[in-house]
Amino acid sequence: RKFILDDILKWIVDIVAFVALGILFIIYMCDTAKMIGNSMAPCLNNGESVLINKVSYALSEPKRYDVIVFKDEEDKLTIKRIIGLPGEQIKIEDSKIYIKNSDGETVLDDKYCKDKFEAGYVTEYVKIPMGEYFVLGDSRNVSEDSRFLYVGNIKEENIIGKAWMIYSPSNRIGFID
């Protein structure tokens, strides 16, 4: 009898510790956001919920093509994809994205959008200031993003983290590309 009670007590302590660690992980290292609109379709659709890795950018810099969650001017969480990095120059011409940096000029291989889209104000090279990122939605024809002056670049301090997984609805659970 004593052994059974010890085993049950050990299981209870293990479960409580596991749940407590899970809650601490979610509170301090993770967050959630809901996709509003279709600007990131087909990667993310309206109403889908994502998990945010809040620690990743404490350990490394955001990278091109990362899907990020940031606070906009109205403190609303917004989800977009990083296209231009700090210090680079960017322009859009004929729905092609040109990047100039220390390696020279390149046309991005844009696997996220094959449609024609508006260039906004970046019809000539525009330099991205240090500490800022140029973001676009994957569904560019319905996206309000860095191409438009009223949105502009995203400051690093406004980035909450990297969106890494869809967790709702259940038929769409999976990692974000």
Side-chain angles (χ1 to χ4, degrees), residues 11-88 90 97 99 108-113 117 120 122 128-177:
W11 272 94
I12 290 171
V13 168
D14 287 348
I15 290 169
V16 167
F18 182 76
V19 168
L21 283 173
I23 290 169
L24 287 174
F25 175 79
I26 289 170
I27 289 172
Y28 292 105
M29 302 176 98
C30 238
D31 207 343
T32 63
K34 191 171 202 157
M35 185 67 210
I36 308 293
N38 291 308
S39 70
M40 286 299 294
C43 175
L44 293 170
N45 300 307
N46 186 42
E48 292 180 342
S49 297
V50 299
L51 291 176
I52 306 166
N53 180 341
K54 294 188 331 188
V55 197
S56 62
Y57 298 139
L59 305 173
S60 68
E61 296 294 314
K63 295 174 191 59
R64 189 177 334 276
Y65 304 122
D66 282 358
V67 176
I68 61 167
V69 179
F70 58 93
K71 285 188 179 182
D72 67 9
E73 296 297 318
E74 299 164 356
D75 254 7
K76 185 178 71 172
L77 293 183
T78 304
I79 304 172
K80 300 289 181 205
R81 188 176 301 278
I82 292 177
I83 299 297
L85 303 173
E88 293 182 330
I90 190 165
I97 302 167
I99 300 283
L108 284 189
D109 177 21
D110 193 359
K111 64 181 182 179
Y112 301 101
C113 179
F117 59 93
V122 289
I128 303 167
M130 298 309 288
E132 295 184 13
Y133 294 86
F134 187 92
V135 299
L136 294 175
D138 289 355
S139 187
R140 311 241 161 93
N141 289 315
V142 296
S143 181
E144 294 179 357
D145 47 41
S146 294
R147 294 173 293 163
F148 305 106
L149 288 171
Y150 62 90
V151 175
N153 296 324
I154 304 309
K155 293 183 183 342
E156 192 166 12
E157 63 260 21
N158 292 336
I159 297 174
I160 305 298
K162 181 177 181 175
W164 65 279
M165 183 178 192
I166 300 169
Y167 73 89
S168 174
S170 60
N171 66 330
R172 289 272 295 155
I173 290 175
F175 295 105
I176 297 171
D177 178 25

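The first residue of the sequence shown is numbered 1, and numbering continues consecutively from there.
- Across all their heavy atoms, A33 and L77 have their closest contact at CB-CD1, 4.1 Å.
- Atom-to-atom distance recorded for N38:CG and N46:CG is 5.0 Å, nearest 0.5 angstrom.
- Atom SG of residue C113 and atom CD1 of residue I97 lie 7.5 Å apart, to the nearest 0.5 angstrom.
- Looking at K34 and E48, their side chains never come closer than 4.5 Å, going by heavy atoms from C-beta outward.
- Within a 6.0 Å sphere centred on NZ of K71, heavy atoms belonging to other residues, nucleotides or ligands number 12 at most.
- One distance of note links CG of D72 with NZ of K80; it measures 10.0 Å at 0.5 Å rounding.
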Could you check Y112 against D110 for side chain to side chain contact (heavy atoms under 4.5 Å, CB included), going step by step and ending with a plain yes or no?
-> CA-CA 5 Å; Y112 301 101; D110 193 359; 3.9 Å; yes
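- For R64 against I83, the heavy-atom pair with the smallest separation is NH1-O, 2.5 Å.
- The only option from I82, N158, I160 that meets the side chain to side chain contact (heavy atoms under 4.5 Å, CB included) definition with I68 turns out to be I82.
- The one candidate from I36, I52, V67 that meets the side chain to side chain contact (heavy atoms under 4.5 Å, CB included) condition with I79 is V67.
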Under the salt bridge (charged side-chain N to carboxylate O under 4.0 Å, His left out) rule, what do D66 and K162 come out as? Steps first, then yes or no, please.
-> CA-CA 7 Å; D66 282 358; K162 181 177 181 175; 3.6 Å; yes
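- Counting non-hydrogen atoms of other residues, nucleotides and ligands closer than 6.0 Å to CD of E73 gives a total of 12 or fewer.
- The closest donor-acceptor contact from the side chain of N53 to the backbone of S56 lies under 3.5 Å.
- How far CZ of F134 is from CD of E88: 11.0 Å, rounded to the nearest 0.5 Å.
- You'll find the side chain of F117 stays beyond 4.5 Å of the side chain of V142, heavy atoms only.
- Within the 3.5 Å criterion, the main-chain N or O of V135 finds a donor-acceptor partner in the side chain of S146.
- Contact check for I128 versus L85: no side-chain heavy atoms found under the 4.5 Å cut-off.
- Separating the CD1 atom in I176 from the SG atom in C43 is a distance of 5.5 Å, to the nearest 0.5 Å.
- When side chains are defined from C-beta on, V69 does not count as touching I159, because their heavy atoms never get closer than 4.5 Å.
- Residues V50 and T32 have side chains not in contact (no heavy-atom distance under 4.5 Å, counting atoms from C-beta outward).
- E156 approaches P62 most closely through the heavy-atom pair OE2-CD, 4.1 Å.
- Shortest non-hydrogen contact noted between P86 and G131 is CB-N, 3.7 Å.
- At least one side-chain heavy atom of L44 sits under 4.5 Å from a side-chain heavy atom of I166.
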For side chain to side chain contact (heavy atoms under 4.5 Å, CB included), just list the numbers for I154 and E132, CA-CA rounded to whole Å, side-chain angles, deciding distance to a tenth of an Å, and then say yes or no.
-> CA-CA 5 Å; I154 304 309; E132 295 184 13; over 6 Å; no
Run the numbers on K111 and Y65 for side chain to side chain contact (heavy atoms under 4.5 Å, CB included), then give the verdict.
-> CA-CA 10 Å; K111 64 181 182 179; Y65 304 122; 5.9 Å; no
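- Side-chain N or O atoms of D145 include one that pairs as donor or acceptor with a backbone N or O of G137 at under 3.5 Å.
- Looking only at distances, a side-chain donor or acceptor of R147 sits under 3.5 Å from a matching main-chain atom of R140.
- Residues L136 and R81 fail the side-chain proximity criterion, which asks for heavy atoms closer than 4.5 Å.
- Put simply, the side chain of C30 reaches to within 4.5 Å of the side chain of W164, judged on heavy atoms.
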For E61 and Y133, what are the C-alpha separation, side-chain angles and deciding distance, and is it a side chain to side chain contact (heavy atoms under 4.5 Å, CB included)?
-> CA-CA 11 Å; E61 296 294 314; Y133 294 86; 3.4 Å; yes
